[in-house]
Amino acid sequence: MSAPAPAPAPAPTPIPSRTQFVLDDIKHRILTGRLSPGQALVEADLAAQFGVSKTPVREALKTLAGTGLVVMSQYKGVTVRTVDADMAREVYDVRLLLEPEALRRTVRREAPLDAARDALRTADAAPDAARRSLANRAFHRALYAPCGNPLLGRMLDEVRDQAALVAAVAWAADPSWEREAAEHREILELALAGDAQGASRALRDHIASFVRRAFPELRDAEGER
């Protein structure tokens, strides 16, 4: 009787899965401050860290460039995007235009806000700034995602990572989480009470006051106009 055929070797992880793994990890490092704005991201070094070839790293970096978290330069290579007042103005202008309206629609359609409540609890219990930052992102998305307009949600998703990068840099320079957490609670209370206009207005004030505190030069520039 012939010997049984050996079991087939496990199939290698598909490249897209490897790319997603690398992408998620690099993004997490950027948004939690483990990779600093302006820091170089070298394909060979990252490939060695992740135990993969340079191909998934290259694809992940291209995706991150598309979301605005990294910059690809012919001369400098790939670096984490530097946050400045101009970037903050661009990102937060979009949020101010879209996010309060999305929340107003969420409240008017009486969409559940359990995810927002959970995100606040997670943030309050977070042991470090990194996890608090992730909970902050989750809170804001939980307010706009159920707005009933998938395109509006996707547009806000597109600036979500850049907004988180701005916030991470601002918090590193001037931690202001307790004030923002109180504002989050006020926004959620208004939303749960069914006050669509009040919740929308409170969210707009929250976003605007944050960027004014973090980048006072923007306030000064507006005053000169």
Side-chain angles (χ1 to χ4, degrees), residues 27-28 30-33 67-69 83 87-149 152-216 218-219:
K27 179 191 290 189
H28 185 270
I30 292 172
L31 296 181
T32 57
T67 64
L69 286 184
V83 174
M87 176 200 173
R89 184 192 349 248
E90 291 173 5
V91 172
Y92 277 76
D93 272 354
V94 173
R95 291 189 66 193
L96 284 168
L97 287 168
L98 301 181
E99 199 167 327
E101 172 61 19
L103 175 57
R104 188 183 70 82
R105 296 183 179 207
T106 293
V107 176
R108 290 191 65 180
R109 64 196 300 262
E110 299 181 357
L113 291 168
D114 295 342
R117 188 186 288 109
D118 291 344
L120 281 188
R121 293 195 188 106
T122 300
D124 287 341
D128 52 48
R131 296 183 202 182
R132 193 175 297 126
S133 175
L134 296 175
N136 176 67
R137 296 174 73 231
F139 173 76
H140 279 275
R141 190 174 195 281
L143 297 180
Y144 70 72
C147 69
N149 185 325
L152 178 55
R154 288 196 298 271
M155 291 172 70
L156 283 163
D157 279 344
E158 287 182 6
V159 297
R160 184 173 175 231
D161 288 343
Q162 294 179 61
L165 179 58
V166 172
V169 170
W171 285 338
D174 179 22
S176 57
W177 173 254
E178 289 187 5
R179 175 173 178 171
E180 286 146 35
E183 293 171 356
H184 285 173
R185 285 190 286 273
E186 178 189 3
I187 293 164
L188 184 57
E189 286 172 5
L190 290 166
L192 291 172
D195 185 351
Q197 289 300 124
S200 176
R201 185 167 51 251
L203 177 58
R204 191 184 194 289
D205 291 345
H206 166 69
I207 295 170
S209 65
F210 171 78
V211 78
R212 283 197 301 267
R213 289 195 305 271
F215 298 91
L218 289 181
R219 178 181 55 203

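Counting begins at 1 with the first residue of the sequence.
Within the 4.5 Å cutoff, the side chain of Leu156 has no heavy atoms near those of the His140 side chain. Within the 4.5 Å cutoff, side-chain heavy atoms of Arg160 are placed close to those of Tyr144. Residues Val211 and Arg95 form no side-chain contact, since every pair of their non-hydrogen atoms from C-beta on lies 4.5 Å or further apart. Put simply, the side chain of Leu31 reaches to within 4.5 Å of the side chain of Asp161, judged on heavy atoms. Proximity of Asp124 to Arg185: side-chain heavy atoms (C-beta onward) are separated by under 4.5 Å at one or more points. By the 4.5 Å heavy-atom criterion applied to side chains, Thr106 and Leu143 are not counted as neighbours. Side-chain contact between Asp157 and Arg141: present, with at least one pair of heavy atoms (C-beta onward) separated by less than 4.5 Å.
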Item checked: Trace of the side chain to side chain contact (heavy atoms under 4.5 Å, CB included) decision for Met155 with Val94 -> CA-CA 9 Å; Met155 291 172 70; Val94 173; over 6 Å; no

Next item on the list: I would like to know whether Leu192 and Arg117 meet side chain to side chain contact (heavy atoms under 4.5 Å, CB included); could you show each step before the answer?
Entry: CA-CA 10 Å; Leu192 291 172; Arg117 188 186 288 109; 3.5 Å; yes

Check: Between Leu190 and Arg201, is a side chain to side chain contact (heavy atoms under 4.5 Å, CB included) present by the stated rule, with each step listed?
Finding: CA-CA 10 Å; Leu190 290 166; Arg201 185 167 51 251; over 6 Å; no

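Residue Ala208 comes nearest to Leu96 through the heavy atom pair N-CD2, 3.9 Å, listed as atom of the first residue, atom of the second, then distance. The minimum heavy-atom distance linking Leu188 with Ala116 is given by the pair CD1-CB, 4.0 Å. Ser200 approaches Arg104 most closely through the heavy-atom pair CB-CB, 4.0 Å. Listed here is the closest heavy atom pair of Ala191 and Ala199: N-CB, 3.8 Å. Closest heavy-atom contact between Pro146 and Ala111: CB-CB, 3.6 Å. Considering all non-hydrogen atoms of both residues, Arg105 and Cys147 come closest at CB-O, 3.6 Å.
More than 12 non-hydrogen atoms from other residues, nucleotides or ligands lie less than 6.0 angstrom from CZ of Arg137.
Expressed to the nearest 0.5 Å, how far CG of Leu69 lies from CD of Gln162 amounts to 6.5 Å. Taken from CD1 in Ile187 to CG in Leu120, the straight-line distance is 9.0 Å, to the nearest 0.5 Å. Remark: Leu103 CG to Leu98 CG distance equals 13.0 Å, nearest 0.5 Å. How far CE of Met87 is from CG of Leu165: 4.5 Å, rounded to the nearest 0.5 Å.
The existence of a salt bridge linking Glu180 and Arg132 is excluded, since no basic side-chain nitrogen approaches an acidic carboxylate oxygen closer than 4.0 Å. For Arg121 and Asp118, the salt-bridge test passes: some basic side-chain N is under 4.0 Å from an acidic carboxylate O. Salt bridge present: Glu183 and Arg179 bring a charged side-chain N and a carboxylate O closer than 4.0 Å.
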